[in-house]
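Okay, so here's the structure we're looking at.
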Amino acid sequence: MKLLTYTLKDQYEPRLGFIHNNQIIDMEDFGEISNFPLPSSMLELIDLGYELVEELNDMVADTEPAFFEEIAYQMDEITFLAPIMKPRKNIIGIGLNYTEHVAESARTLDTTGKLPQKPIIFSKPPTTVTATNTEVIKNTKLTSQLDWEVELAVVIGKKGKYVAKADALDYVFGYTVINDISARDCRREGQWIVSKGQDTFAPMGPILVTKDEIKDPHNLDLYLKVNGVEKQRSNTKFMLFNINELIEDLSTVFTLEPGDIIATGTPAGVGAGRNPQEWLYDGDVLEATVEGIGTIRNTVREVTI
């Protein structure tokens, strides 16, 4: 399913929905016409287990088109919110997970250039999350080196500890897009959270696609544009540590739980790796895309706080 969190244009209450025939179907309303109570938020849906998605797919297939007409909204009637507006825990970030990004980081940042032997893990607080069509805030008192990073994000669907690599995808609920915004001049003695963890530094969305809709998460094109000019383009097959390996490693370190989000790393083409280096400024427009999921679009706004 293609799931989303949204509001109607004249309302403020977040709603859970799914896309069907290029229309938005409200999840609770669908539950009412199906006489099958359904949740009103993404985290509630994830908590109920991936098996519910399989039931929902069957229910949608068995529902007469006329019933959908009564509860459908057009795309221009809604505002997309981040699929998981406020994660329960920090987003799990993976650093230096594409070979060419390792090389470009070594040229311009304080990394060694050696390929990591194990995943490099950092985190982004829940307050970094923002939706498509919102502003990324650049606090000029903190940074003059704002940068971009398109990434495939994995959403965990069930609790897992010491997950075997072969079983790892069984623990996935679905996928979304994250732009791992980074302030390159805010790292502190090798620690990344100030660089990665400022408010609005994790644009996410526009939707969450359940895993049944993604045939192979290790063969998805991903790319990013700044003001319409392409800066990054690669494919998830070039990850150093694939999703199975990441889940195995992470679940050895700490327990993965439903709703956890793993940002799987970015390919080459970031601003810091360019010659000369390129940074983001007030009014710049970012478009981050992952094949099969969609594009998130955000505008940089400079503030001095």
Side-chain angles (χ1 to χ4, degrees), residues 87 89-130 135-154 177-204 222 224 226 231-232 234 238-241 246 249-250 253-254 260-282 284 286 288 296 298 300-305:
K89 298 188 292 187
N90 283 15
I91 295 168
I92 304 162
I94 305 298
L96 304 176
N97 201 29
Y98 287 76
T99 304
E100 291 181 354
H101 182 52
V102 174
E104 71 176 359
S105 296
R107 290 194 300 270
T108 54
L109 301 171
D110 59 356
T111 56
T112 66
K114 296 179 181 178
L115 294 182
Q117 299 304 299
K118 292 185 178 180
I120 296 173
I121 305 168
F122 63 92
S123 73
K124 298 171 79 80
T127 49
T128 57
V129 172
T130 189
E135 294 176 329
V136 169
I137 303 302
K138 176 185 177 182
N139 184 349
T140 57
K141 281 192 173 181
L142 288 176
T143 181
S144 61
Q145 297 182 356
L146 198 67
D147 206 346
W148 57 83
E149 294 190 5
V150 61
E151 308 197 7
L152 171 68
V154 178
V177 183
I178 279 183
N179 190 348
D180 177 17
I181 301 295
S182 305
R184 302 298 185 189
D185 48 356
C186 287
R187 290 177 298 163
R188 298 180 180 179
E189 299 299 326
Q191 295 180 354
W192 294 4
I193 194 163
V194 179
S195 168
K196 302 282 194 175
Q198 297 176 38
D199 291 354
T200 73
F201 275 22
M204 183 194 304
L222 68 169
L224 181 140
V226 179
K231 301 295 183 180
Q232 292 181 280
S234 189
F238 297 117
M239 288 182 191
L240 288 174
F241 303 101
L246 292 175
D249 182 72
L250 292 168
V253 179
F254 46 75
D260 283 354
I261 302 166
I262 305 169
T264 58
T266 199
V270 300
R274 294 178 170 270
N275 186 17
Q277 292 179 318
E278 299 178 15
W279 309 116
L280 294 168
Y281 298 98
D282 193 65
D284 285 342
L286 296 153
I296 48 176
N298 299 91
V300 175
R301 180 165 70 90
E302 291 186 355
V303 300
T304 302
I305 300 174

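With a 4.5 Å cut-off on side-chain heavy atoms, K89 and D260 count as touching. Residues L240 and Y98 fail the side-chain proximity criterion, which asks for heavy atoms closer than 4.5 Å. W148 places none of its side-chain heavy atoms less than 4.5 Å from the side chain of D284. Side-chain contact between P267 and L222 is present, with at least one heavy-atom pair separated by less than 4.5 Å. I94 is not listed as a side-chain neighbour of M239, based on a closest heavy-atom distance of 4.5 Å or more. Residues V226 and L286 form a side-chain contact, since some pair of their non-hydrogen atoms from C-beta on lies under 4.5 Å apart. When side chains are defined from C-beta on, C186 counts as touching Q198, because their heavy atoms get closer than 4.5 Å. In this structure, the side chains of N97 and L246 come closer than 4.5 Å at one or more pairs of heavy atoms.
Under the 3.5 Å distance criterion, the side-chain polar atoms of R274 are matched with a main-chain donor or acceptor of G269. A donor-acceptor pair under 3.5 Å is formed between the side chain of K138 and the backbone N or O of L280. At least one donor-acceptor pair closer than 3.5 Å links the side chain of E302 to the backbone N or O of D282. No donor-acceptor pair under 3.5 Å is formed between the side chain of N90 and the backbone N or O of S123. Distance alone, capped at 3.5 Å, is enough to place a donor-acceptor pair between the T266 side chain and the V150 backbone. A side-chain donor-acceptor contact under 3.5 Å links Q117 to the backbone of L115. A distance-only check finds no donor-acceptor pair linking the side chain of T264 to the backbone of A153 [under 3.5 Å].
In plain terms, the two heavy atoms of G265 and E151 that are nearest each other are N-OE1, 2.9 Å. Of all heavy-atom pairs between D147 and A272, the closest is OD2-N, 2.8 Å. Closest approach of V177 and A288 over heavy atoms only: CG1-O, 3.8 Å. Taking each heavy atom of Q232 and E149 in turn, the nearest pair found is OE1-CA, 3.8 Å.
Rounding to the nearest 0.5 angstrom, the gap separating the CG atom in N139 from the CZ atom in R301 is 10.5 Å. Here F241 contributes atom CZ and L96 contributes atom CG; the two are 10.0 Å apart, rounded to the nearest 0.5 Å. To the nearest 0.5 Å, the span separating CD1 on I305 from CG on L142 amounts to 8.5 Å. Note that the OG1 atom of T130 and the CZ atom of F201 stand 12.0 Å from one another [nearest 0.5 Å]. Note that CD1 of I181 and CG of D199 are 13.0 Å apart. Values are rounded to the nearest 0.5 Å. Separating the CD atom in Q277 from the CD atom in Q145 is a distance of 6.0 Å, to the nearest 0.5 Å.
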Margin query: Checking V129 against I261 for the side-chain contact (heavy atoms from CB on, under 4.5 Å) test, could you report, in this order, the C-alpha distance in whole Å, the side-chain angles of both residues, the deciding distance, and whether it holds?
Written below: CA-CA 11 Å; V129 172; I261 302 166; 5.7 Å; no
**OP:** Would you check, one step at a time, whether the test salt bridge (Lys or Arg N to Asp or Glu O under 4.0 Å) holds for D180 with K124?
**Re:** CA-CA 9 Å; D180 177 17; K124 298 171 79 80; 2.5 Å; yes
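Side chains of T304 and K141: a donor-acceptor N/O pair is absent below 3.5 angstrom, by distance only. When only modelled atom types and interatomic distance are considered, T143 and D185 share a side-chain donor-acceptor pair under 3.5 Å.
Atom CD of E100 sits in a sparse spot, with 12 or fewer heavy atoms from other residues, nucleotides or ligands closer than 6.0 Å.
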